[in-house]
Amino acid sequence: MHIQEFQALIKAIYHTKDSQRGLDRTFVWFVEEVGELARALHRGNRQDLEEEFADCLAWLATLANLQGIDMEVAIRKYQQGCSKCHATPCTCGEPKPTV
Ligand SMILES: [Zn+2]
């Protein structure tokens with residue numbers, strides 16, 4: 001399945017509910033899913049990881065749908081390699097930690 005197909009599928013399944021919930025509350029759901037992914041990364045259970053990666057991508061697609069963003073178009077920024085240095089693999093230096 002292509003990303004555009006996945007995004008269209010998520011739209012078909014959830015767009016009515018997502019539109020009613022609105023952007024701000026949907027973003028909160030997305031962040032909660034990212035938190036669940038964080039917990040799954042620490043547990044290391046493969047089935048949990050697959051579920052949480054799928055959920056995060058689904059909520060990300062939902063946010064893109066609410067904003068009218070075609071994710072397949074958006075990711076073209078990486079088509080020529082790193083979005084900053086344009087190399088593959090990236091040759092940018094690691095940013096210094098700010099904390
Ligand atoms: Zn780079």
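Every number for a ligand or one of its atoms is a count from 1 in the order of the listing.
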How wide is the angle at the Zn ion (ligand 1) between SG of Cys82 and SG of Cys85, to the nearest 10°?
100°
With rounding to 10 degrees, what does the angle Cys90:SG / the Zn ion (ligand 1) / Cys92:SG come to?
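With the Zn ion (ligand 1) as the vertex, the angle is close to 100°.
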Under 2.8 Å from the Zn ion (ligand 1), is there any N, O or S atom belonging to His86?
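No, outside the cut-off.
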Working to the nearest 0.5 angstrom, can you tell me the gap between Asn65 CG and Gln7 CD?
4.5 Å
Please tell me if the side chains of Phe6 and Met71 come closer than 4.5 Å, counting only heavy atoms from C-beta onward.
no
Close side-chain approach of Val31 and Phe27, heavy atoms under 4.5 Å:
yes
Between Glu72 (side chain) and Gln4 (backbone), is there a donor-acceptor pair under 3.5 Å?
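At least one qualifying donor-acceptor pair exists.
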